[in-house]
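These notes are about the structure you will find just below.
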Amino acid sequence: MDMFVGLDIGSTTSKAILLDEDNNIVGFKVNRNSWDVEESGKKTLMSVLEEAGAHLDHVSYLMLTGYGRRTISFKDVSFGHDTMPEIIAHGKGSYRLLPSCRTIIDIGGQDTKVISLDDNGLVKKFQMNDKCAAGTGRYLDKLAEDIFQISVKDLGEISSRSEKPVEISAQCTVFAESEIITYLSQKVPREDIIAGMHNALVARVIQMGVSAGIEYRDDVLFTGGVAKNIGVVKAMEEQLGKKVIVPKDLGEDTPQLTAALGAAETGRVKFEKAQGQGGSR
Ligand code: ADP
């Protein structure tokens with residue numbers, strides 16, 4: 001039995017997808033990283049195998065991707081392994097989940113990407129922000145924790161009660177914090193402030209793609225952990241003026257799993273090509 005793992009080691013979470021030799025998804029896992037990213041990646045790999053009743057001996061190929069893909073090393077293992085760029089992995093995984101997808105917006109813990117695909121699912125153009133917290137999930141994490149002392153999981157539901165979102169003009173998380181504190185001192189309801197935070201984040205992300213000449217062609221797929229926030233999805237649809245699709249094929253964690261899926265598929269194809277050419281592991 002040949003099995004293929006895609007392991008996406010992000011800044012905040014590690015994600016794994018397990019494919020069988022018929023290309024079926026037979027396992028998936030999303031784990032929050034500790035400070036030890038290598039350890040977190042390895043744990044995620046072991047747990048996806050364990051939950052599927054498999055072990056390392058079943059793995060024919062492991063493809064690593066994500067920001068932390070080079071932090072993990074494997075010695076004395078019997079399976080083939082390699083690393084691949086996360087943009088390509090996102091493109092491949094998204095196209096498998098939604099072949100009509102032409103634009104991917106991925107908002108993760110510490111980076112954001114807007115990717116444009118051609119009609120064959122290949123990456124045509126992309127833009128990425130991994131320099132500034134204000135256009136990433138970190139913006140919401142920090143404001144939710146520091147100011148409202150609530151979980152980011154609750155932001156979406158709270159913002160859905162907003163009738164008059166505030167304007168947040170600060171271009172950076174630290175200054176946005178001062179602006180929000182001023183609103184709170186003026187007794188502005190927190191749902192209006194949170195909806196304003198979502199609008200500000202989305203405006204930055206959309207502008208990032210526009211500045212790279214990306215057209216937001218249909219279908220637009222929204223991925224990354226922040227796609228689980230219904231308030232951000234709503235703001236994205238309003239500002240783009242079109243439907244935005246959040247993948248749900250593997251349950252609520254699906255938006256975080258696209259790059260791992262693309263990596264697993266790429267590893268499988270690579271392995272099969274080598275086999276076809278008489279190669280081995
Ligand atoms: P990375 O790939 O950069 O490690 P992820 O794509 O896993 O990051 O996204 C992590 C971010 O997703 C967190 O910073 C958090 O803001 C957000 N997030 C995760 N789960 C939820 C949730 N249930 N609701 C809202 N936001 C979430």
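Order of appearance sets the numbers: ligands from 1, and atoms from 1 within every ligand. FYI, the numbering just counts along the sequence from 1. Model, not experiment: these values are computed from the prediction.
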> Would K42 count as a cation-pi partner of F74, with NZ or CZ less than 6.0 Å from the six-membered ring centre and within 45° of the ring normal?
Replying inline: yes

> For ligand 1, which atoms, with element, lie under 4.0 Å from some heavy atom of K153?
Replying inline: 22 (C), 23 (N), 24 (N)

> Charged N to carboxylate O under 4.0 angstrom, K270 versus D82?
Replying inline: yes

> Which part of K15 is near ligand 1, with near meaning a heavy atom under 4.0 Å away: side chain, backbone, both or neither?
Replying inline: side chain

> So which heavy atom in the protein is nearest atom 8 (O) of ligand 1, and how far is it from that ligand atom?
Replying inline: G109 N, 3.0 Å

> Any idea which protein heavy atom is nearest atom 17 (C) of ligand 1, and the distance to it?
Replying inline: G225 C, 3.6 Å

>> Holding to ring-ring contact (aromatic ring centres under 6.0 Å, His included), I want the full list of residues that pass it with F175, two or more places apart in sequence or in another chain.
In response: none

> Does a donor on one side chain and an acceptor on the other come within less than 3.5 Å for E39 and S34?
Replying inline: no

> What atoms in ligand 1 come closer than 4.0 Å to a heavy atom of G10?
Replying inline: 2 (O), 4 (O)

> Is the shortest distance from a Lys or Arg side-chain nitrogen in K164 or D192 to a carboxylate oxygen in the other one below 4.0 Å?
Replying inline: no

> Nearest to atom 7 (O) of ligand 1, what protein heavy atom do you find, and at what distance?
Replying inline: T13 OG1, 2.5 Å

>> Looking only at protein heavy atoms, which one is nearest to atom 25 (C) of ligand 1, and what is the separation?
In response: V152 O, 3.6 Å

> Can you tell me which residue and heavy atom of the protein come closest to atom 16 (O) of ligand 1, and the distance to 0.1 Å?
Replying inline: D141 OD1, 2.4 Å

